[in-house]
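Structure, as structure tokens:
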Amino acid sequence: MITLTPVAADKVQQAKDDQNIEPNRFLRIGIAGGGCSGFKYGLAFDSQFHPDTDVLYETEGIAIVVRKKMAEFLDGTVIDYKIGEFGEGFAIENPLFPPSMGCAGCHGH
């Protein structure tokens, strides 16, 4: 399951409204390997849903779609929206792959 916090759901809806995104579009989450720093996540609005290859979640009134082959890597993920000293944006907390400081042997690259 992927969960949006109420604040994140409001920001997704606000983005849809601000960009005149059609109401039937959903939020697609993509992931890619980020090497030593873990996964890189992408969020985009999409209208394509393929039941053979996609999984659909509903949280806080927002439809979220992810590829089936990536769903197991996102199980339990919470998407929040945070405002901090250095800016604001979506924060993705994945309990299966918490943020790391790099792997041994990478020496900061």
Side-chain angles (χ1 to χ4, degrees):
M1 180 69 177
I2 299 169
T3 305
L4 286 174
T5 65
V7 173
D10 287 345
K11 288 294 185 177
V12 169
Q13 188 59 53
Q14 181 181 348
K16 286 177 84 171
D17 294 343
D18 291 349
Q19 298 174 37
N20 295 316
I21 302 293
E22 297 170 16
N24 63 338
R25 293 197 179 224
F26 45 78
L27 183 66
R28 180 174 289 280
I29 302 174
I31 60 173
C36 297
S37 60
F39 285 125
K40 294 182 186 230
Y41 300 91
L43 303 174
F45 293 113
D46 197 351
S47 63
Q48 301 295 314
F49 174 73
H50 304 284
D52 294 339
T53 58
D54 291 329
V55 177
L56 176 65
Y57 302 99
E58 178 90 21
T59 176
E60 295 292 328
I62 303 292
I64 299 175
V65 171
V66 66
R67 294 275 182 221
K68 283 182 180 179
K69 65 182 179 179
M70 299 299 171
E72 69 180 283
F73 300 110
L74 293 168
D75 190 39
T77 294
V78 175
I79 302 172
D80 197 1
Y81 192 89
K82 296 187 178 184
I83 300 171
E85 181 178 345
F86 300 107
E88 61 183 85
F90 290 99
I92 299 174
E93 298 172 18
N94 185 336
L96 300 176
F97 299 94
S100 69
M101 299 301 289
C103 59
C106 287
H107 306 294
H109 71 178

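Annotation for Gly76 and Pro95: closest pair O-CD, 3.4 Å, computed over non-hydrogen atoms. A pairwise comparison of heavy atoms in Pro51 and Lys68 identifies O-NZ, 2.9 Å as the closest pair.
In this structure, Leu27 CG and Ile64 CD1 are separated by 5.5 Å, a value rounded to the nearest 0.5 Å. To the nearest 0.5 angstrom, Asp46 atom CG is 10.5 Å from Ile21 atom CD1. Distance check, rounded to the nearest 0.5 Å: CD1 of Ile79 to CG of Leu43 gives 5.5 Å. Going from atom CG of Asn24 over to atom CZ of Phe45 covers 12.0 Å, rounded to the nearest 0.5 Å. How far CD1 of Ile92 is from NZ of Lys40: 13.0 Å, rounded to the nearest 0.5 Å. Expressed to the nearest 0.5 Å, how far CG of Leu4 lies from OG1 of Thr77 amounts to 11.0 Å.
The side chain to side chain contact (heavy atoms under 4.5 Å, CB included) test applied to Asp10 returns no partner, not counting sequence neighbours. For Glu88, the side-chain hydrogen bond (donor to acceptor under 3.5 Å, both in side chains) partners at least two apart in sequence or on another chain are Tyr81. Under the side-chain hydrogen bond (donor to acceptor under 3.5 Å, both in side chains) criterion, Asn20 pairs with no residue at all, not counting sequence neighbours. For Lys82, the salt bridge (Lys or Arg N to Asp or Glu O under 4.0 Å) partners are Glu93, not counting sequence neighbours.
Formation of a donor-acceptor pair under 3.5 Å by the Asn94 side chain with backbone atoms of Phe73 is found in this model.
For the side chain to side chain donor-acceptor pair (under 3.5 Å) condition, the pairs that include at least one residue of residues 49-62, sequence neighbours left out, are Arg28-Asp54, Thr53-Arg67, Asp54-Arg67.
Put simply, Met1 and Val78 are part of two different groups of oily side chains (I, L, V, M, F, W, Y) that touch within less than 4.5 Å, one to the next.
Apart from Phe49 itself, the hydrophobic cluster it occupies contains Phe26, Leu56, Val65, where clustering links Ile, Leu, Val, Met, Phe, Trp and Tyr at side-chain heavy-atom distances under 4.5 Å.
Test Gln19, Gln14, Gln13 against Asp17 for side-chain hydrogen bond (donor to acceptor under 3.5 Å, both in side chains) and you get one pass: Gln13.
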